Amino acid sequence: MDRLHHLPARLALIDREGIMKTTSINDYLTALGISLREIAETTRVVIDGTLADATGVMWHGHPVWGLGEAPGRRPICLIKAYTSYVTFGLWRGQEINDRSGRLTPSARKMASVRLLSTADIDVPLFTDWLRQARALEGK
């Protein structure tokens with residue numbers, strides 16, 4: 001349970017063995033509070049509109065978009081809700097040419113940005129990041 005501390009209580013769906021149940025992306029977004037849901041839904045529109053050939057699935061408890069049928073084989077991006085913000089992350093984000101300087105490096109090659117409101121969503125910038133991230137997966 002400790003590893004789920006960042007999730008709003010209504011998202012922590014745990015089975016008898018203590019393993020988080022997967023839900024659909026729609027269920028995940030619906031379970032968020034209004035402001036976080038608006039951020040995540042707006043980000044999802046940008047992702048879906050840019051990554052037409054990617055599949056969105058629940059993986060490790062949050063929405064992930066990637067290529068191919070198996071989640072995690074070729075992941076491109078994710079949305080992850082915390083108590084007061086939503087993270088928009090790119091698996092190979094450290095390889096992205098980020099002219100804004102907004103991407104924060106994290107584990108491995110990942111990088112992300114914290115979204116505190118829909119005003120933090122820069123559609124042209126995020127579209128550029130997603131196109132670059134998708135191109136990296138073509139290699």
Side-chain angles (χ1 to χ4, degrees):
M1 278 287 268
D2 289 337
R3 68 183 196 275
L4 300 175
H5 70 278
H6 64 276
L7 290 173
R10 62 182 165 245
L11 288 182
L13 305 172
I14 308 297
D15 68 13
R16 288 184 212 166
E17 289 78 38
I19 297 175
M20 186 169 177
K21 294 179 183 181
T22 58
T23 61
S24 71
I25 293 175
N26 287 337
D27 289 344
Y28 181 91
L29 297 178
T30 300
L32 297 174
I34 293 171
S35 64
L36 294 177
R37 184 171 53 242
E38 288 175 357
I39 296 165
E41 287 176 344
T42 303
T43 305
R44 180 186 191 182
V45 169
V46 177
I47 294 167
D48 288 342
T50 306
L51 300 178
D53 61 341
T55 302
V57 298
M58 291 298 294
W59 191 49
H60 292 287
H62 55 271
V64 173
W65 285 260
L67 302 177
E69 294 180 22
R73 289 252 172 106
R74 294 175 65 198
I76 297 172
C77 67
L78 64 90
I79 295 173
K80 188 171 184 177
Y82 291 86
T83 306
S84 61
Y85 63 92
V86 173
T87 292
F88 170 48
L90 300 161
W91 248 265
R92 295 176 67 181
Q94 292 182 37
E95 298 176 55
I96 299 293
N97 178 10
D98 175 23
R99 66 183 189 275
S100 71
R102 288 183 60 192
L103 282 174
T104 302
S106 58
R108 300 179 192 100
K109 297 179 182 181
M110 293 183 78
S112 63
V113 61
R114 286 185 180 187
L115 307 173
L116 300 171
S117 75
T118 56
D120 292 331
I121 300 169
D122 182 330
V123 175
L125 179 65
F126 289 13
T127 299
D128 179 51
W129 290 347
L130 288 164
R131 286 183 180 148
Q132 289 183 61
R134 171 59 185 94
L136 289 169
E137 288 306 316
K139 293 180 179 176

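Here the structure is a predicted model, which means the values were calculated and not measured.
- Taking CG of L36 as the start and CG of L29 as the end, the distance is 10.5 Å to the nearest 0.5 Å.
- Applying the ring-ring contact (aromatic ring centres under 6.0 Å, His included) definition to pairs two or more places apart or across chains, those involving residues 91-128 are W59-W91, F88-F126, F126-W129.
- Put simply, the side chain of I25 reaches to within 4.5 Å of the side chain of M58, judged on heavy atoms.
- To the nearest 0.5 Å, atoms CD1 (I39) and CD1 (I79) are separated by 10.5 Å.
- Distance check: L78 CG to I47 CD1 gives 8.0 Å after rounding to the nearest 0.5 Å.
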- Task: Go through the steps for N26 and R44 under the test side chain to side chain contact (heavy atoms under 4.5 Å, CB included), then give the verdict.
- Result: CA-CA 10 Å; N26 287 337; R44 180 186 191 182; 2.6 Å; yes

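- For the atom pair OG1 (T55) and CG (L67), the distance works out to 7.5 Å, reported to the nearest 0.5 Å.
- With rounding to the nearest 0.5 angstrom, the CD atom of Q94 is 9.5 Å from the CE atom of M110.
- When each of L125, D122, T127 is checked for a side chain to side chain contact (heavy atoms under 4.5 Å, CB included) with V46, only T127 meets the rule.
- The main-chain N or O of L51 is never found under 3.5 Å from a side-chain atom of R134 such that the two would form a donor-acceptor pair.
- Atom CG of residue L136 and atom CZ of residue R92 lie 4.5 Å apart, to the nearest 0.5 angstrom.
- Pairing each heavy atom of L130 with each of C77, the nearest pair is CD2-SG, 3.8 Å.
- Cluster annotation: V45 is not connected to V113 through the hydrophobic network of ILVMFWY side chains, with a link wherever side-chain heavy atoms come within less than 4.5 Å.
- The shortest distance between side-chain heavy atoms of T118 and T43 does not fall below 4.5 Å.
- P75 and V64 make their closest contact through CB-CG1, 4.0 Å (heavy atoms, listed as atom of the first residue, atom of the second, distance).
- Using a 4.5 Å heavy-atom cutoff, the side chains of K80 and H60 are not in contact.
- Listed by first and then second residue, the side-chain hydrogen bond (donor to acceptor under 3.5 Å, both in side chains) pairs that reach into residues 100-114 are Y85-R114, D98-S100, sequence neighbours excluded.
- Looking at T87, its side chain never comes within 3.5 Å of a backbone N or O of G89 through a donor-acceptor pair.
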- Check against side chain to side chain contact (heavy atoms under 4.5 Å, CB included), R99 and D128: CA-CA 10 Å; R99 66 183 189 275; D128 179 51; 3.1 Å; yes

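- A donor-acceptor pair under 3.5 Å is formed between the side chain of R37 and the backbone N or O of T30.
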